[in-house]
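Reckoned from all heavy atoms, side chains included, excluding hydrogens, waters and symmetry mates. Whatever order the structure lists ligands and atoms in, that order sets their numbers, starting from 1. This is a predicted model, so every value here is computed, not measured.
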Amino acid sequence: MGSTKTSLILCFLGFLFLDSLLFCSAYNVHHYSFLLRETNFTRLCTTKSMFTVNGQWPGPTIHVRKGDKAFVNVHNNGDYGVTIHWHGVKQPKNPWSDGPENITQCPIKPGKNFTYEVIFSDEEGTLWWHAHSDWSRATIHGAIVILPEIGKTYPFPKPYAEQVLILAEWFNGDVKELIDEATSTGGDPTPSNAYALNGQPGFPNNCSNETSFRFPVQYGKTYLLRLVNAGMNEEMFFGIAKHNITVVAQDAAYIKPITTSYIMITPGQTMDILVTANQAPSYYYMAASPFFDSSAPYDTTNTSAILQYTGTYTIPTTIPYPTLPNVTDKAAADNFTTRIRSLASAEHPVYVPKNVTTRIFITVSVNQIVCANASCGGPSGNRLSASLNNISFVTPSTDVLQAYYKSLPNVFDKDFPNLPPYKFNFTGDVGNNTLYPSLGTKARLINYGDVVEIVYQGTNVGNAENHPMHLHGFSFFLVGTGYGNFGLTNSTKTYNLIDPPEVNTIGVPKNGWAAIRFVANNPGVWFMHCHLERHASWGMDTVLIVKNGPTEETSIRPPPANLPICS
Ligand code: C2O
Ligand code: CU
């Protein structure tokens, strides 16, 4: 179950007119083995069996350097099929190892295995991996730490030590039963019973004080926390009592340092955070609480871990707890997120695409589907649903990638639209005819090299909420966000085209919009969806297919030999 590493020196010989260039780059190849199996865990005084990697929750951390490669052999000893996704890893030309079930592969069945080839390129910082089949990611997830290349350093003083910190959700019940139940009734799934930091709910949760995750620190030293929100359904605030924190990276790209008392992190996002142990040696809680502004049910608890100074001192009877914003405090969330800027500067400009060739405007809605005799468990006896451009995504039974690559008919349609079917006051009085989506497996084809702008428009349909939209295969520039309806002339004036953050998951504000840009330079089949699992399961998903460019270097690689069989 350990990992091994070998080094490769790759040299490229290129001819540029009469000059020849020889350049070598060294990268390491890492090997991991993941054994998926049921394991007993006890939290909140409740014991249950859950699906894990190597019996761990959170699962093992993958350690690489920028530009490395990892082969991960996944052997499934569980009771049902599963796939693994490497969240935020671009996988150039290699959608075959991206992972979303029935989008780029069929599941690895019980008793079978599959080796993922995870290709790192320009990512540096923290990412994560997680199961991408139903809700199994609740227990099957872990961090990916990407260090700078050998000989390179962080764009901030080297921290004394580093610590991965994974925010997740604990359900007393079996997660698969819970989502199967919600799917059959059409109602809201039961929220989790606690959040957890590195697998422990901590104070003030039932039966959790003694087992809190503890992070030992030495007075005067600075530490790097690699925070992952692996939670299922809630965006979270996070802070450390009496300590300021400084965010230096998001989604494996560095940002201009932001010093703050709290952050807001959506499911799917990762943040690298510096904290200096500069307070009186003692115990301090680090805690996370939900940021949730909707009438849907959610987990209302908080989770904590302990920042524990080394040395001798009297342990406080009351450990200081951070003050975090109120659950619906969107001003607090915005105050943090609007400060996020990439490292780009006048001296080190970053190319932000200016001449958009492909514009896609996507409404993001929570919907309902009518059930005969109001027999479902959602509002008015309807079934809860969700959509992009009013199309609720239906997962096919053969993967879209295979169907696209081999031109198999009847798996998906290529007509995901550039606009919603009709215009309405998206964030106002939306009327009733917007409530019901159409169903389909629709993808949007994009030419290689297109400069794409996607505007996600949140709507007031059904249940207005924040939506952390995530795209596989890319990092994109978040060029703008705002409240209300996006307007091509007014909203674009507010864009940041100088130093927008380059991320893979973006929180579209409730009844607001977010605009992203990227160059379609990664041929493949790339899933795009809300990273709230409730919404993704209800159909808030679609697929972007970036076609091959003119050369082999700009085309999807051939498939690996041992892809799981669909049936
Ligand atoms: Cu975190 Cu589709 O992914
Ligand atoms: Cu959503």
Side-chain angles (χ1 to χ4, degrees), residues 58-59 82-91 95 97-105 118 123 126-138 140-144 166-168 188-189 228-235 251-252 265-270 291-294 296 298 362-367 384-388 392-393 395 399-401 437 456-475 503-514 524-544:
V82 76
T83 65
I84 308 276
H85 167 55
W86 319 91
H87 179 118
V89 183
K90 298 181 184 78
Q91 300 270 31
S97 278
D98 190 49
E101 181 171 311
N102 292 6
I103 305 300
T104 63
Q105 68 169 102
V118 187
E123 307 87 356
T126 310
L127 291 172
W128 61 302
W129 55 266
H130 61 79
H132 214 303
S133 307
D134 293 321
W135 282 35
S136 47
R137 77 172 180 85
I140 298 181
H141 58 246
I144 302 176
I166 299 186
L167 194 50
D188 265 303
V228 177
N229 187 350
M232 303 299 280
N233 288 311
E234 291 90 355
E235 302 178 324
D251 291 3
I265 183 168
T266 77
Q269 290 180 331
T270 54
F291 166 48
F292 196 83
D293 186 8
S294 143
Y298 70 101
I362 301 178
T363 52
V364 181
S365 303
V366 173
N367 306 86
L384 284 161
S385 174
S387 66
L388 297 175
S392 188
F393 188 78
T395 307
D399 61 282
V400 175
L401 174 56
Y456 300 105
Q457 174 68 62
T459 73
N460 204 18
V461 174
N463 204 349
E465 275 186 61
N466 291 1
H467 301 285
M469 295 302 300
H470 170 53
L471 171 61
H472 292 213
F474 291 90
S475 278
V503 294
N504 64 55
T505 306
I506 152 66
V508 179
K510 176 178 176 174
N511 276 325
W513 55 270
V525 167
W526 306 114
F527 204 29
M528 184 168 86
H529 59 91
C530 179
H531 221 288
L532 301 185
E533 220 48 47
R534 288 158 36 242
H535 297 172
S537 325
W538 292 341
M540 197 176 274
D541 329 80
T542 188
V543 178
L544 300 188

Taking backbone and side chain together, does H132 place any N/O/S atom at a distance below 2.8 Å from atom 2 (Cu) of ligand 1? yes
Would you kindly say whether T395 and N102 are connected by a side-chain donor-acceptor distance under 3.5 Å? no
Is it the case that W135 and S537 place a side-chain donor and acceptor less than 3.5 Å from each other? yes
How many degrees, to 10°, between H467 ND1 and H535 ND1 as seen from the Cu ion (ligand 2)? 90°
Verify the distance test for H470 against atom 2 (Cu) of ligand 1: any N/O/S atom under 2.8 Å, yes or no. no
With ring pair (Phe, Tyr, Trp, His ring centres under 6.0 Å) as the test, pick out the partner of H531 among H87, H85, H467, H472. H87
Among the N/O/S atoms of H472, which is closest to atom 2 (Cu) of ligand 1? Give the atom name. NE2
Side-chain H-bond candidate by donor/acceptor type, T459 with S365, under 3.5 Å: yes
For the atoms NE2 of H130 and ND1 of H87, give the angle they form at atom 1 (Cu) of ligand 1, rounded to 10 degrees. 120°
Does a salt bridge link R534 with E465, judged by any charged N lying under 4.0 Å from a carboxylate O? yes
Looking at H531, pick out the N, O or S atom nearest to atom 1 (Cu) of ligand 1 and give its name. NE2
